[in-house]
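Beneath this line is the structure, given in structure tokens, with notes to follow.
All values reported here derive from a predicted model rather than from experimental measurement.
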Amino acid sequence: MKKLLTIGVTLAAVLSLAACGNSSKGTDNGGKTTTASKAKTSTAKSSSKKATSEGKKVTNGQLLKVGEWMNDSTQGTMKLAKISTINKPFTTGSYTLTLTDYKLFEVTPKDDDQKKLASDLFGVSAGVTTPYYEAQVQYSVKNAGTEEVQFNGVKSILTSAGTQLDLNGGLVDQGMGEAVAAGATKTTAFMAIIPTAEKDTLKKLTINFDSFCNTTDFSDVGTLPATTIELP
């Protein structure tokens, strides 16, 4: 039995990938979400390099197309490198976790303070590179039971090359310790720092889940099996 604490508000805010920009020029993606039709891995070329960059800047909402970018006040310049829809559900007992979509971001910190912040948040003792690469998998947890349940999060992920990323280094799960009311669904995400040397060969992630537990005595009520997802 165990009780896991939720990630703090500050951490969640820093890692939010739907932040707003501060420029009136660019694309407004406010209110838009990732869908299968939008999960494309290529974009059209432009004859004007400057115009292309300006046209791909997002000032509000999420990055939804490869090449779109935004300036984040805590992480630096974030550019969407890859995106795909997963929509893969897994069920144990009355609880269903659905992996919804995947994104890979190229993040360029503007200074050493932002690099240190990323290193500290993700527990990367060797520090992050410039740029560094951040994978995000969004997922939802549905509780079809009659009592509140707590999801203890993702324990670790393995890259195509066999590199393990976990809560001791490289992985942050915003869903860890989330309580889900009876009949409710919560949407959240986990993020991981992908080794720069692996960014072009990352074709799959193996995800190892922790357990669900009740919120009375925190005894386990089910665990999902490990799963592998294919990436673009």
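Counting all heavy atoms, side chain and backbone alike, K115 lies closest to V128 at CE-O, 3.2 Å. Scanning all heavy atoms of the two residues, the minimum distance from P89 to N87 falls at CD-O, 3.7 Å. Taking both residues in full, the closest heavy atoms of K155 and D166 are given as O-CB, 3.4 Å, listed atom of the first, atom of the second, then distance. Between A182 and E147, the shortest heavy-atom distance links the atoms CB-N, 3.7 Å. Nearest approach of V107 to Q75, heavy atoms of both residues: CG1-O, 3.5 Å. The two residues P109 and Y132 come nearest to each other via the heavy atoms CG-CE2, 3.7 Å.
Side chains of T85 and D101: a donor-acceptor N/O pair is absent below 3.5 angstrom, by distance only. In summary, the side chains of D200 and Y133 do not present any donor paired with an acceptor at a separation below 3.5 Å, with no hydrogens or angles considered. Residues N214 and S219 bring a donor and an acceptor atom of their side chains to less than 3.5 Å of each other. Looking at E68 and Q62, their side chains never bring a donor and an acceptor atom within 3.5 Å of each other. Under 3.5 Å, the side chains of T201 and S160 contain no donor-acceptor pair of N or O atoms. Using modelled atom types and a 3.5 Å distance limit, the side chains of S140 and T185 yield no donor-acceptor pair.
Atom CG of N208 and atom CG of L224 lie 11.5 Å apart (nearest 0.5 Å). Here I207 contributes atom CD1 and K88 contributes atom NZ; the two are 8.0 Å apart, rounded to the nearest 0.5 Å. Summarising the geometry, atom CG belonging to L104 is positioned 8.5 Å from atom CG belonging to L231; distances are rounded to the nearest 0.5 Å.
Counting heavy atoms from C-beta outward, I157 and T206 have side chains that stay 4.5 Å or more apart. Taking 4.5 Å as the limit, every side-chain heavy atom of Q136 sits out of range of all side-chain heavy atoms of Y102. For the pair L63 and V66, the minimum side-chain heavy-atom distance is 4.5 Å or more. Residues T227 and F90 are in side-chain contact: their nearest non-hydrogen atoms beyond the backbone lie under 4.5 Å apart. Under the 4.5 Å side-chain criterion, counting only non-hydrogen atoms from C-beta, V149 is not in contact with T215. Side-chain contact between W69 and N71: present, with at least one pair of heavy atoms (C-beta onward) separated by less than 4.5 Å. Under the 4.5 Å side-chain criterion, counting only non-hydrogen atoms from C-beta, V137 is in contact with L99. Looking only at side-chain heavy atoms (C-beta outward), E134 and K103 stay at 4.5 Å or farther from each other.
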task = Test F122 against L171 for side-chain contact (heavy atoms from CB on, under 4.5 Å), laying out the working first.
result = CA-CA 6 Å; F122 285 94; L171 176 68; over 6 Å; no
task = Verify side-chain contact (heavy atoms from CB on, under 4.5 Å) between M191 and Q174, making sure each step is shown before the conclusion.
result = CA-CA 8 Å; M191 285 71 68; Q174 291 182 331; 3.7 Å; yes
query = Does the pair K79 and E106 meet the rule for a salt bridge (charged side-chain N to carboxylate O under 4.0 Å, His left out), with working shown?
reply = CA-CA 5 Å; K79 181 179 179 180; E106 179 184 274; 5.1 Å; no
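Remark: the backbone N or O of G222 is not paired with any side-chain donor or acceptor of D220 at under 3.5 angstrom. A donor-acceptor pair under 3.5 Å links the side-chain atoms of Q114 to the main chain of S73, judged by distance alone. T163 contributes no side-chain N or O that, together with a main-chain N or O of T159, makes up a donor-acceptor pair within less than 3.5 Å. With K142 contributing its side chain and T98 its backbone, the two residues share no donor-acceptor pair below 3.5 Å. Side-chain atoms of S156 do not come within 3.5 Å of backbone N or O of Q164 as any donor-acceptor pair. At distances below 3.5 Å, not a single donor-acceptor pair connects side-chain atoms of T108 with backbone N or O atoms of P131. Looking only at distances, a side-chain donor or acceptor of N143 sits under 3.5 Å from a matching main-chain atom of V180.
Using a 4.0 Å cut-off between charged nitrogen and carboxylate oxygen, E230 and K204 do not count as a salt-bridge pair. A salt bridge is absent between K116 and D112: the closest approach of a Lys/Arg side-chain nitrogen to an acidic carboxylate oxygen does not fall below 4.0 angstrom.
Residues passing the ring-ring contact (aromatic ring centres under 6.0 Å, His included) test with F212, sequence neighbours excluded: Y95, F151.
The hydrophobic clustering, which links ILVMFWY residues whose side-chain heavy atoms are closer than 4.5 Å, places V124 and F105 together. Under a hydrophobic-cluster definition in which Ile, Leu, Val, Met, Phe, Trp and Tyr are linked whenever side-chain heavy atoms come within less than 4.5 Å, directly or via other members, L158 and V154 are assigned to different clusters.
Of the residues I193, I194, V172, the one that meets the side chain to side chain contact (heavy atoms under 4.5 Å, CB included) test with L165 is I194. With respect to Y139, the side-chain hydrogen bond (donor to acceptor under 3.5 Å, both in side chains) criterion is satisfied by exactly one of T187, T188, D173: D173.
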